[in-house]
Amino acid sequence: MTTAVAPLLAGAQTSYEFKKYVPTLAVTGSGSGQAPGAGGTSPAPQPALQLSTTAINFGNVATYTTETRQVLVSNPGTGPLTFTAAPAVTGATEFAAGLTTCGASLAAGADCLAEATFSPTATGTFKGVLSFTSMLANSPHEVTLVGTAFNPIRQVALTSANPSLNFGWQVTGSTPPVKSWVFQNQGNVPMTLGLSGLPAGVSQQNGCVDVASYASCTISLSLDTTVERTIPATTVSFTGDWSTALAQALSVEGGVADSGFKQVYAPVTGLTFSALTFHQGLFYSVLYGTNPVVGTGSFLYASADGKNWTNKGRIQSSAQPADGIAVSASGRILVAGLSSGSTGGKVAVSDDGGSTWSVTLSTGGLGKGVAINDAGVAVFTASNIPQGYRSTNSGTTWSTNAVSSGTSGSRIVSDRGTHFATLNGSYLRYSLDSGANWTQVSAGGGPLRDLMYVGNQVWFVGEGEASPGRVCSATLGVTPVCALISGSPALTSLTAGNGVFVVGTSTNNLAYKSTDGTTWSPITGLPGSPRLAYGNGLYVGVRSQNAYVAVAP
């Protein structure tokens, strides 16, 4: 007699488990009402019926799911067993007879399978009976059924750090690291998670299948770097019953680009780039000029990748460049300069992302730059007037300040704490007390052009005594250290990020990069005298009506 139990069909298994029952020959029925053979002949064939179990307990089953169990039916007799009805279920309607291989008769020594299913739609404990009706005298033979239903709770906790997986910008052909989410099943039913909405170029490497309650699992994603692509922040969700089980929104972003600077975008016809900075995921620039769509004026534009720029709002109706942008800890945007010719230096502020603006300072000089620290102290540099300006309320009101000498000024930077630094001719000017007092030290050589904070040091560039460009660094309060880049023209701008310095020069298609600030190699792709900034894993330059972007310079 065969004792192995197999599913009737591939689809007979449920999403939870398939339980096999080993026959115990718990019920035996025999007899057909036929008499033994007359005259000493052999007795007539006698059928019999054996069941692998007399009771099935489905256990705890979630509502609106189906659990399936099987019963092995055997004929250990000497004659064929005839069924007078198909297997049937009585009792609670949550139970039903499922698939069966038992036909109208079962040969001697043969087996067949019959299923019972439990499909609750409400909570509670339910009972039923699975009956096998045959020609046997003690028919029907019964299997009692019992099951308890509960309402399933589906809840997922994200236990890894960030709901947003950011691959950053990767160089074409590279092998970026795999990014992963770790989830915990905080529901009372086994958890199976699949993702939907993954952007092109991102693929799921593994998944979570039948994860037990309060167990954890990991879903990993990989990025295809065979072609260039931009992946903006894209919302990702779960498929199936668990699609709303996580409170946080998941997202994926990143990008792939070839190495080297590329001229990638002329955002708006007739508008020209001026100031450039990066703050909390966005590059900001002031574009000015005349365009048939946006009109005439100075406009704040923003971009996450240096390629796609969005008009955040018109600062003023006069088409004037700006020389500095700063963003406060509270999100206030300050734009400095907005000058025409040698006069008209202004500071305009916006508290709604650039939609509306107010001018809080208008000077008689040429505005050059603005910086703000996390305490709301702002400093504005100017030239052609004998001072700059300082604000202690995030640029709402201003008072004169000794930041500028009256002969020249430059962009100004802050470490977001009490330190500020700016340039004045061949001098570095700095303050250690949030712009209240200023010290000036000579860096030697010719005029200095641009500066930035790198760690706790200020780095700045300009001209040497002769033609070579000059790169300097200083810890505030200590004499600057400078070095020449032999053979280079004047250095006009710089940025740094991801372990690489980039400096622009006054010559088209010639810039320099360095990993230590000492040894420099020429690079191409940037225009002369660009504005430079680093953020989101990208080096961005702007000049005239074009932007220039590099993942790896």
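Values below: all heavy atoms of this structure, side chains included; hydrogens, waters and symmetry mates excluded. Just so you know, residue 1 is the first one in the sequence shown, and it goes up from there.
- Side-chain atoms of N536 come within 3.5 Å of backbone N or O of G281 as a donor-acceptor pair.
- Sorted pairs that involve residues 536-546 and meet salt bridge (charged side-chain N to carboxylate O under 4.0 Å, His left out), not counting sequence neighbours, are lacking altogether.
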Side-chain donor/acceptor pairs under 3.5 Å, residues 232-239, sequence neighbours excluded:
unit_1, atom_1, unit_2, atom_2, d
T234, OG1, P232, O, 2.8
S237, OG, S196, OG, 2.9
T239, OG1, G194, O, 3.4

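- Ring to ring, W459 and Y453 are not that close: their centroids are 6.0 angstrom or more apart.
- For the pair L223/Q170, a side-chain contact is recorded, criterion being any heavy-atom separation below 4.5 Å from C-beta on.
- The aromatic rings of F118 and F58 are tilted relative to each other, their planes meeting at an angle between 30° and 60°.
- Counting only residues at least two apart or in different chains, salt bridge (charged side-chain N to carboxylate O under 4.0 Å, His left out) contacts with residues 118-140 are absent.
- A ring-centre distance under 6.0 Å is not found for F299 and W309.
- Note on residues 215-224: pairs passing salt bridge (charged side-chain N to carboxylate O under 4.0 Å, His left out), not counting sequence neighbours, are D224-R229.
- Between the side chains of E67 and T65, no donor N or O sits under 3.5 Å from an acceptor N or O.
- The salt bridge (charged side-chain N to carboxylate O under 4.0 Å, His left out) check on D415 picks up nothing, with sequence neighbours excluded.
- Among residue pairs with one or both ends in residues 192-221, those qualifying as disulfide (SG to SG under 2.5 Å) are C208-C217; sequence neighbours excluded.
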